[in-house]
Amino acid sequence: MSTSRPGRRSAARPHTRPVLHSPGAPCPCGLPAGYADCCGRYHAGHAAAPTAEALMRSRFTAYAVRDAAYVLRTWHPDTRPADLDLDPHLRWERLEILGTTDGSAFHAEGTVTFRAHYALRGERDAMEEQSRFVRHDGAWVYVAPLP
């Protein structure tokens, strides 16, 4: 997800700490596995996302649990902001994957089109984006939204 939407870039170091998420709780990405067995293992550094879609899901979850370090770590260095300020009033609630192109273990790049549902100060809304992902040093990373 880009920072031109509900998340935002900041010149200061983020004061955002990850929200503790119970390992057995359902993963915010929408897959049926628990957080620890799903996106939590990517956040903890125990595994790398094997596809662009898996990276998209793990990045959404990182926004949901306010893990700015993971979001930055999985952003391409050419487009990554220096810092990321995650709004504490913004709650990411649900992710829908609308489509993918390429992005498998056999590709070097891919796209993921998604709809992310959120609540900001109690008002619910959603954003849609088609994101571009590439392999960088062998790992999938987010590049930018496509126009």
Side-chain angles (χ1 to χ4, degrees), residues 1-19 21 23 25-88 90-120 124-147:
M1 290 186 291
S2 70
T3 56
S4 61
R5 312 248 177 150
R8 57 184 188 262
R9 293 179 188 196
S10 170
R13 298 255 359 115
H15 298 288
T16 306
R17 292 182 177 208
V19 174
H21 198 76
C27 191
C29 80
L31 293 177
Y35 172 73
D37 294 328
C38 195
C39 295
R41 62 196 172 117
Y42 305 137
H43 297 173
H46 299 303
T51 65
E53 180 180 339
L55 182 64
M56 176 63 236
R57 288 181 179 279
S58 71
R59 286 174 55 84
F60 171 84
T61 298
Y63 277 98
V65 301
R66 296 177 51 203
D67 187 347
Y70 180 81
V71 173
L72 290 170
R73 196 167 61 243
T74 58
W75 208 316
H76 194 283
D78 291 347
T79 57
R80 177 177 49 223
D83 296 300
L84 186 64
D85 182 18
L86 300 179
D87 187 337
L90 180 63
R91 191 176 75 241
W92 294 100
E93 299 181 326
R94 184 167 57 95
L95 176 67
E96 294 176 79
I97 301 297
L98 305 175
T100 63
T101 58
D102 299 331
S104 78
F106 303 104
H107 296 106
E109 54 184 80
T111 66
V112 178
T113 305
F114 67 91
R115 181 179 300 123
H117 298 263
Y118 64 91
L120 180 59
R124 288 194 157 85
D125 204 348
M127 62 166 279
E128 286 188 23
E129 179 176 301
Q130 183 178 30
S131 297
R132 181 171 174 247
F133 296 86
V134 299
R135 285 194 185 269
H136 179 74
D137 293 336
W140 284 107
V141 294
Y142 168 80
V143 178
L146 292 173

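Using a 30° and 60° split on the angle between ring planes, F133 and Y142 fall in the perpendicular class, above 60°.
Summarising the geometry, atom CG belonging to L84 is positioned 6.0 Å from atom CH2 belonging to W75; distances are rounded to the nearest 0.5 Å. Within the model, atoms SG of C39 and CG of D67 stand 11.0 Å from one another, a figure rounded to the nearest 0.5 Å. Taking CD of Q130 as the start and CG of L146 as the end, the distance is 4.5 Å to the nearest 0.5 Å.
Evaluated for a side chain to side chain donor-acceptor pair (under 3.5 Å) with T111, the options D102, T101, T100 yield exactly one hit, T101. Between H117 and the choices E96, R91, R124, the side chain to side chain donor-acceptor pair (under 3.5 Å) rule is met once, by E96.
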What's the verdict on side-chain contact (heavy atoms from CB on, under 4.5 Å) for W92 and R66, showing C-alpha distance, side-chain angles and the deciding distance?
CA-CA 9 Å; W92 294 100; R66 296 177 51 203; over 6 Å; no

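In terms of heavy atoms, Y35 sits closest to H43 at OH-ND1, 2.9 Å. Taking each heavy atom of P28 and V65 in turn, the nearest pair found is CG-CG1, 4.5 Å. The heavy-atom pair separating R80 from L72 by the smallest distance is CD-O, 3.0 Å. For L98 against F114, the heavy-atom pair with the smallest separation is CD1-C, 3.9 Å. The nearest pair of heavy atoms linking A62 to Y70 is CB-CD2, 3.6 Å. Here the closest heavy-atom approach between residue A119 and residue E93 is recorded as CB-OE2, 3.6 Å.
Using modelled atom types, one side-chain atom of R41 and one backbone atom of C38 make a donor-acceptor pair closer than 3.5 Å. At least one donor-acceptor pair under 3.5 Å links the side chain of S58 to the backbone N or O of L55.
Side-chain contact, S131 with E129: a donor N or O sits under 3.5 Å from an acceptor N or O.
Residues R57 and I97 form a side-chain contact, since some pair of their non-hydrogen atoms from C-beta on lies under 4.5 Å apart. At a threshold of 4.5 Å between non-hydrogen side-chain atoms, the residues F60 and C27 do not count as touching.
Cation-pi geometry between R59 and W140 is not satisfied (NZ or CZ under 6.0 Å from the ring centre, within 45° of the ring normal).
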